[in-house]
Amino acid sequence: MGERSLVEVANLHRRYGDVHAVQGLNFRLDRGEVLGFLGPNGAGKTTTMQMICGVLAPSEGAVHIGGVDLLEDPIAAKRQLGYLPEQPPLYRELTVDEYLRYCAQLHGLRNRDAAAAIEETKTRCGLEHVGRRLIGNLSKGYRQRVGIAQAILHRPPVVVLDEPTVGLDPIQIREIRELMSELGDDHGVILSTHILAEVQAVCDRVQILHEGRLVLDEDLAQLSKKQQPRSTRVRMRRPPGREVLAGLAAVTSVEALDAETFRLHHGEDETLGERIAAASAAGDWGLYELVGESRSLEEIFVELTFGEGP
Ligand code: ATP
């Protein structure tokens with residue numbers, strides 16, 4: 001196992017009767033990395049996270065957390081983990097402070113350490129002003145923050161968050177995303193989400209799960225580099241006829257978006273932009289916008305997971 005590797009998953013399987021929910025997963029998470037887990041409903045994201053966090057036994061395979069075998073030494077392995085499940089384990093009748101004190105005890109933090117950790121975590125999660133409020137009376141967004149707070153309270157190297165921004169308003173989403181990016185600086189974070197923009201905003205790496213198998217495991221920076229534009233949007237004050245645009249080498253079809261804007265579909269061609277600019281100068285088209293459009297993560301997602309199960 002590599003030195004920076006915080007989580008290592010090898011040949012992980014989980015069956016529920018006849019349902020093969022997770023089928024032979026292999027991946028690792030390094031320190032300083034935020035890994036986004038994507039997949040359609042039922043792809044096996046929650047099942048995988050539960051196995052990584054030791055709340056569900058795998059049918060087959062191994063999980064190491066910080067070099068410790070989760071099945072052989074679950075207590076030592078789980079000490080290095082913080083987990084926000086899909087339904088956070090909150091006690092509605094406790095105040096935020098009481099609940100976090102209780103969580104600190106569960107994590108084995110002693111008095112002074114516990115008090116310092118609670119204060120720091122409340123600040124990090126924007127909970128400074130609600131310490132005395134009953135959890136049951138908080139808005140959903142604030143309850144979600146409390147759920148995240150219990151996951152990071154003991155400063156675990158690995159933080160696993162199952163759909164952390166579900167039900168939050170846009171401002172809260174932005175704050176929680178900032179928090180996740182920040183956590184990624186010195187922890188390893190795995191988060192599942194259905195929001196593709198969230199992956200693009202906070203993750204370093206994306207994995208797409210489909211019917212229990214990884215169909216994509218890619219560095220986001222690499223992914224965008226590899227995505228050669230397949231279409232180019234051009235805006236011109238005095239556009240030529242469509243047939244002129246369609247006649248440019250490498251262009252396969254032309255879509256008119258409005259009187260001045262066209263989308264040119266084409267194969268991979270690094271010189272097309274340059275050639276459009278030159279043709280515009282020669283023909284006085286008044287070109288004022290030229291944008292290469294890469295395949296979005298959404299398009300990649302749909303392509304890889306289209307036609308899924310039930
Ligand atoms: P979602 O995005 O809807 O939360 P998911 O990717 O988290 O989906 P899982 O909840 O891991 O998917 O489910 C994977 C598969 O395992 C599904 O087919 C689901 O019906 C099945 N499954 C999950 N839990 C159980 C269970 N306790 N008993 C039987 N089948 C289960």
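Every number for a ligand or one of its atoms is a count from 1 in the order of the listing. Excluded from the calculations below are hydrogen atoms, water molecules and symmetry mates; all remaining heavy atoms, backbone and side chain alike, are included.
- Scanning T46, T47, D162, L38 for the heavy atom closest to atom 7 (O) of ligand 1 points to T46.
- Heavy-atom contacts of H194 reach the following atoms of ligand 1: 2 (O) (cutoff under 4.0 Å).
- At a threshold of 4.5 Å between side-chain heavy atoms, the hydrophobic network of Ile, Leu, Val, Met, Phe, Trp and Tyr places V189 and L84 in one connected group.
- Against a heavy-atom cut-off of under 4.0 Å, A21 is close to the following atoms of ligand 1: 14 (C), 15 (C), 16 (O).
- A donor-acceptor contact closer than 3.5 angstrom links the side chains of E255 and H265.
- No donor-acceptor pair closer than 3.5 Å links the side chain of E178 to the backbone N or O of E175.
- At a threshold of 4.5 Å between side-chain heavy atoms, the hydrophobic network of Ile, Leu, Val, Met, Phe, Trp and Tyr places M236 and L272 in one connected group.
- Against a heavy-atom cut-off of under 4.0 Å, A43 is close to the following atoms of ligand 1: 5 (P), 6 (O), 12 (O).
- The neighbour count for R174 CZ, taken as heavy atoms of other residues, nucleotides or ligands under 6.0 Å away, does not exceed 12.
- Atoms of ligand 1 lying under 4.0 Å from any heavy atom of N41, numbered from 1 in the order shown and given with element: 1 (P), 2 (O), 3 (O), 8 (O).
- In terms of N/O distances under 3.5 Å, ligand 1 is approached by K45.
- Assignment of E86 to the shell around ligand 1 is supported, since a heavy atom sits closer than 4.0 Å.
- Between V19 and ligand 1, no pair of N/O atoms sits closer than 3.5 Å.
- No chain of hydrophobic side-chain contacts below 4.5 Å, direct or via other Ile, Leu, Val, Met, Phe, Trp or Tyr residues, connects L134 to Y99.
- Using a non-hydrogen distance threshold of 4.0 Å, G44 registers as a contact of ligand 1.
- In this structure, E33 CD and L6 CG are separated by 9.0 Å, a value rounded to the nearest 0.5 Å.
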